[in-house]
Each structure stands twice: as C-alpha cells, then as structure tokens.
Amino acid sequence: MTTQPRIRIPKFAKKGEVVLIRTLVSHVMESGQRRDAGGKAIPRNIINRFSCTFNGRPVLACDIEPAIAANPYLEFSARVEESGTFRFTWAADDGSVISASESITVR
Amino acid sequence: MSRLSRRDALRIAAGSAALAVTGLPARAATDAAATMAAFSGGRAPEAGRITLDLAASVEDGNSVPLSVAVESPMRADDYVSEILVVADANPWPRVASFQFSPMAGKAAFATRIRLTGNQHVIVLAKLGDGRIFAARQHVEVTIGACTN
C-alpha cells in the first residue's frame, strides 16, 4: 500500500547553493524474513531502488535492501546551479513505481 | 560518531578473518565480508574522512537512525561515487548502497535501518579514483528487528 510521498525541499536557492532534501514514502518494506501465524513465509516486498534527478541529470540513486526500515526515510543534498525540477522515483519488488517532482527557483 | 583507526581499517580489509573473531553466525559474517570485498575491488580501506552518526545502544532495532557524511569537495575530478552500508550480523548483511554524482554537493545521507541484534555497522566509501575509506560502529540492540 502506498500513498503520495512527502518531500521537503526549499522553493528557492542561491546559485551554487547546496540544499537539503528530505523524503519519506509510505511502504511496509516486507523483509521476506517474517512468517505469518501459520508459519508460512511472507514474501518479500520492499522498495529496492530510489533515484533523484535534477533537470534530467542524476543526483543520487540508492539500491535498497530489506534492512531499510518501513516507510523509508532518505535525506541527502543537491547543489543547485540553475532553476529546475527534481524528479524522485521509488521502485518496489512488485513492479509498482512511485514518483514525484519538486521545482526550485534560483534567484 | 566513529572514526576508524588505521588498525581497524586493516582489520576490515582482512574481511572474513576480522569478522570470524567477533563470533558472528558464519553465514552472515561470510556474506558481509564478501559484500565488502566486492565493493572494495581488492583495495585496502583507509581510515578517516567518514563521519558515522549512529547510536552505540538502541532499544528498538526496527528503526535505527543512521547518518553518514564523507569529506569531499564533490567536484567532477574529486568526488565520492558510492557509499555502502553493511550490518554484519543481519540475516542479509547488505543494507543499502548510495550512488552520488558531483551534483549531490555533499557525500552525505541519513536514513533509518533495521538491526536484528548486537552487531557492527560498517560504512565503506568509494572515491572516483577507486580509493576506499571505511568507518565502523558497534551497536547494542535491546529488541531486534523481527525476523519471525
């Protein structure tokens, strides 16, 4: 089950400024290590890949394993040289992809 | 926060030998050592540059705050290209790997991880020129992330 991710990022930056980006997405991150009440293994279903691009160029990507806690929180930085759009994607084991974008203005 | 001594860095380089003396389950130790060796590409990790912010003792292993920062100018000719996080006694020791471009501005991230019990968390950082830096922190976990 997923909902819209939460992203905190400044709306404005100075040219060349390094801004902090904080993201949180709702996801159970089922590790594949757990068993249900009947002793049957619960299949793994995690977000296995996160990526962030700015104006189409890669900023950061992350290969994620079951040891990332449920509702994955990721905080990182980006150096902004021009106005533009950050795009964020989270890809899960079941093939679903969550995506979001945020714009920032250099002034 | 933890900075590796040169001795610790060499012990991590020793991989499975260093892990064997910590008395971990053999499989997790082997997987952790193999994961780190594959990342390092045979290069011996150096101490320094990494600031690893992770509590030495936590109550709940289901969500442990982890913050990592590596000193780097993050210029096209000198930047941290990748950071690997390993929890050496988790059933699946690999935690995450982060790939940076110079546009990240800082070689740093924060997240929350799962730890099944007392163990070392090891961070390896790879520079554009292939050099590897390492840091390590022991964490005592009161209630481990559930595996059953």
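Numbers restart at 1 for each chain; the letters A, B, ... are given by sequence-line order, proteins then strands.
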>> Side chains of B:Asn90 and A:Gln33, heavy atoms from C-beta outward: is any pair under 4.5 Å?
In response: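 With C-beta onward as the side chain, the pair stays apart.
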> Any side-chain heavy atom of B:Phe109 sitting closer than 4.5 Å to one from A:Leu74?
Replying inline: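 They are not in contact (no side-chain heavy atoms under 4.5 Å apart), so the answer is no.
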> Which answer fits A:Ile21, side chain, backbone, both or neither, if we ask what part of it has an atom under 4.5 Å from a heavy atom of chain B?
Replying inline: neither
> Where on A:Ala70 is there a heavy atom nearer than 4.5 Å to chain B: the side chain, the backbone, both, or neither?
Replying inline: both
> Should we say atom CZ of A:Arg44 is surrounded by more than 12 heavy atoms from elsewhere, each under 6.0 Å from it?
Replying inline: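 Correct, the count exceeds 12.
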>> Surrounding CD of A:Glu82 (heavy atoms of other residues, nucleotides or ligands, distance under 6.0 Å), is the total greater than 12?
In response: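 Correct, the count exceeds 12.
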Show the atom names and distances, to 0.1 Å, of all donor-acceptor pairs under 3.5 Å that link a side chain in residues 11-19 of chain A to residues at least two apart or in another chain.
unit_1, atom_1, unit_2, atom_2, d
A:Lys15, NZ, A:Glu81, O, 3.4
A:Lys15, NZ, A:Glu81, OE1, 3.4
A:Glu17, OE1, A:Lys14, N, 2.8

Shortest non-hydrogen contact between [X] and [Y], atoms and distance:
{"X": "B:Thr111", "Y": "A:Tyr73", "value": "OG1-O, 2.6 Å"}
{"X": "A:Ile68", "Y": "B:Val95", "value": "CG1-O, 3.7 Å"}
{"X": "B:Lys106", "Y": "A:Ser77", "value": "CD-OG, 3.8 Å"}

>> Within this structure, what is the CG-CZ distance for the pair A:Asn71 and B:Arg112, rounded to the nearest 0.5 Å?
In response: 8.5 Å
Taking the side chain from [X] and the backbone from [Y], do they hold a donor-acceptor pair closer than 3.5 Å?
{"X": "B:Arg114", "Y": "A:Pro66", "value": "yes"}
{"X": "A:Arg57", "Y": "B:Ser101", "value": "no"}
{"X": "B:Ser63", "Y": "A:Ala69", "value": "no"}

> Top residue by heavy-atom pair count (under 4.5 Å) with chain A, among B:Pro65, B:Gly105, B:Ala104?
Replying inline: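 Of B:Pro65, B:Gly105, B:Ala104, B:Ala104 has the most heavy-atom pairs under 4.5 Å with chain A.
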>> Heavy-atom pairs under 4.5 Å with chain A: which of B:Glu82, B:Met74, B:Met103 has the most?
In response: B:Met103
> Among the clusters formed by ILVMFWY side chains lying less than 4.5 Å apart, do B:Val68 and A:Leu20 turn up in the same one?
Replying inline: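 They do not share one cluster, since no chain of ILVMFWY contacts under 4.5 Å joins B:Val68 to A:Leu20.
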> Can you tell which of A:Ile64, A:Leu60, A:Asp36, A:Leu24 has the highest number of heavy-atom pairs within less than 4.5 Å of chain B?
Replying inline: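 Winner by heavy-atom pair count: A:Leu60.
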>> For residues 99-107 of chain A, give me every residue with a non-hydrogen atom less than 4.5 Å from any non-hydrogen atom of chain B.
In response: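 Residues in range: none.
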